[in-house]
Structures are given as C-alpha cells and as structure tokens.
Amino acid sequence: MGDIHISDFHKDTAKALNVLYGCFPRKLTLFVEDIAGPDSPDEFGLHSPRHMACLSALIWLADEGYIRYEDTIRQEAVDQVTLTHKGFTLLSGFISCRSRLANQATHINAQLDPILDNSDIDGDFAPAIDLVRAALKGGSSNAVDAIMQILLNR
C-alpha cells in the first residue's frame with residue numbers, strides 16, 4: 001500500500017488538471033477547498049496539513065510547468081491559473097488504454113481495467129483526460145494513483 005500523502009497528491013493534481021482542462025484556455029481562480037474539501041483553520045488561523053498539501057501540489061504543478069498562475073490569494077487559492085502547453089498536450093494526447101498500461105506495470109493495468117470497463121471510453125486509445133475523468137468518477141484511489149503515475153512520468 002502506498003503512502004496516503006502520495007495518494008492525496010495524485011487526487012489533488014488529477015482534480016485540478018481536470019478543472020483546468022474543462023475551462024481551457026480561460027484563466028480562473030482555483031480554490032484549494034474546491035480540490036481538497038472544506039478546511040477549518042485552527043484558533044491561530046493556520047490551515048490543516050491536508051489543505052497546505054493541496055496548495056503545495058498546485059504550486060508543484062506550476063513549478064513543473066503543467067500550469068501557470070499569476071498569484072496566490074493568501075493560502076486559499078491560486079489566481080488566474082491555466083494549463084500550459086505542456087499541461088494541455090499531456091491531457092489532450094491520446095494514450096493506449098490497455099497495452100501501454102500493461103507495459104508500465106501489471107498492477108496499474110489491473111487497477112484501471114474496472115474503470116475502463118465501466119466508462120464511456122471505447123477503443124484502444126483515449127485522450128489522457130478521459131482516463132483521468134474515468135478514474136476520478138470511479139472513486140478508486142488506486143486507479144487515480146495509476147493514471148497519474150503514468151501521466152506525471154511521461
């Protein structure tokens with residue numbers, strides 16, 4: 001079993017990339033709570049470690065060139081964020097649904113098979129964003145981990 005913080009990272013990045021792809025090329029304000037869920041700062045106004053990890057994941061996406069943003073709004077959101085060329089081509093590019101997954105690792109293929117079987121994805125190839133959406137819709141952390149490992153290691 002993987003580390004929970006890595007699964008949270010994969011889920012946060014998958015959700016953020018999905019939202020940004022859905023409104024591309026328009027810029028938007030992406031609130032951390034929309035990705036990681038509600039947060040209640042403590043009596044000193046400090047956010048939970050989960051909230052801060054999600055914010056850090058969004059900043060990491062920018063540092064690695066998948067997204068760009070103009071500023072942060074305190075520790076609440078990233079403002080004027082959009083996909084970069086790298087992020088857009090990663091998500092819109094076609095990848096093999098099964099054979100490439102099998103070549104990556106047998107356990108990845110096994111995690112995504114039920115998601116692919118119950119999705120609207122037909123054929124051997126699909127845009128990467130469709131695989132991300134299918135994994136998020138299926139609700140399996142293992143499937144989200146699998147597809148995000150593939151995408152972030154391309």
For this session: Give a yes or no on whether a salt bridge exists between Asp130 and Lys137, defined as a side-chain N under 4.0 angstrom from a carboxylate O.
Result: no
Exercise. Could you give the distance from CD1 (Ile150) to CG (Leu131), rounded to the nearest 0.5 Å?
Worked result: 8.0 Å
Exercise. Taking only residues two or more places apart in sequence, or in another chain, which ones meet Leu30 in a side chain to side chain contact (heavy atoms under 4.5 Å, CB included)?
Worked result: Ala16, Val19, Leu20, Leu28, Ile35, Leu58, Val78, Val81
Exercise. Should Val132 and Trp60 be counted in the same cluster of Ile, Leu, Val, Met, Phe, Trp and Tyr side chains packed under 4.5 Å apart?
Worked result: yes
For this session: Using atom types as modelled and distance alone, determine if a side-chain donor or acceptor of Asp3 lies under 3.5 Å from a backbone N or O of His5.
Result: no
Exercise. If you measure from CG on Leu91 to CG on Asn18, what distance do you get to the nearest 0.5 Å?
Worked result: 8.5 Å
Exercise. Under the side chain to side chain contact (heavy atoms under 4.5 Å, CB included) test, which residues partner Thr82, sequence neighbours left out?
Worked result: Phe24, Lys27, Arg68
For this session: Find the distance between CG (Leu136) and CE (Met148) and round it off to the nearest 0.5 Å.
Result: 8.5 Å
For this session: Over all heavy atoms of both residues, which pair between Ile59 and Tyr69 is shortest? Give the atoms and the distance, please.
Result: CG1-OH, 3.8 Å
Exercise. Any idea which heavy atoms bring Pro127 and Ser92 closest together, and the distance?
Worked result: CB-O, 4.1 Å
Exercise. About how many Å separate CG of Asp34 and CD of Glu76, when rounded to the nearest 0.5 Å?
Worked result: 11.0 Å
Exercise. Below 4.5 Å, heavy atoms only, C-beta onward: do Ile6 and Asp145 meet side chain to side chain?
Worked result: no
For this session: Could you tell me the separation between the OG atom of Ser140 and the NZ atom of Lys11, rounded to the nearest 0.5 Å?
Result: 10.5 Å
Problem set entry | Closest approach of Thr13 to Ala57 (non-hydrogen atoms, all atoms of both residues) | CG2-CB, 4.2 Å
Seminar exercise, completed: For Tyr66 and Leu151, the nearest pair of non-hydrogen atoms, with its separation, is OH-O, 4.5 Å
Exercise. Which heavy-atom pair separates Lys86 from Gly65 by the least distance, and what is that distance?
Worked result: CB-O, 3.5 Å
Exercise. Do the side chains of Asp39 and Val32 get nearer than 4.5 Å, heavy atoms only?
Worked result: no
Exercise. If we only count heavy atoms from C-beta on, is the Ile67 to Leu17 side-chain gap below 4.5 Å?
Worked result: yes
Problem set entry | Inter-residue atom distance Gln75.CD - Met52.CE, 0.5 Å rounding | 3.5 Å
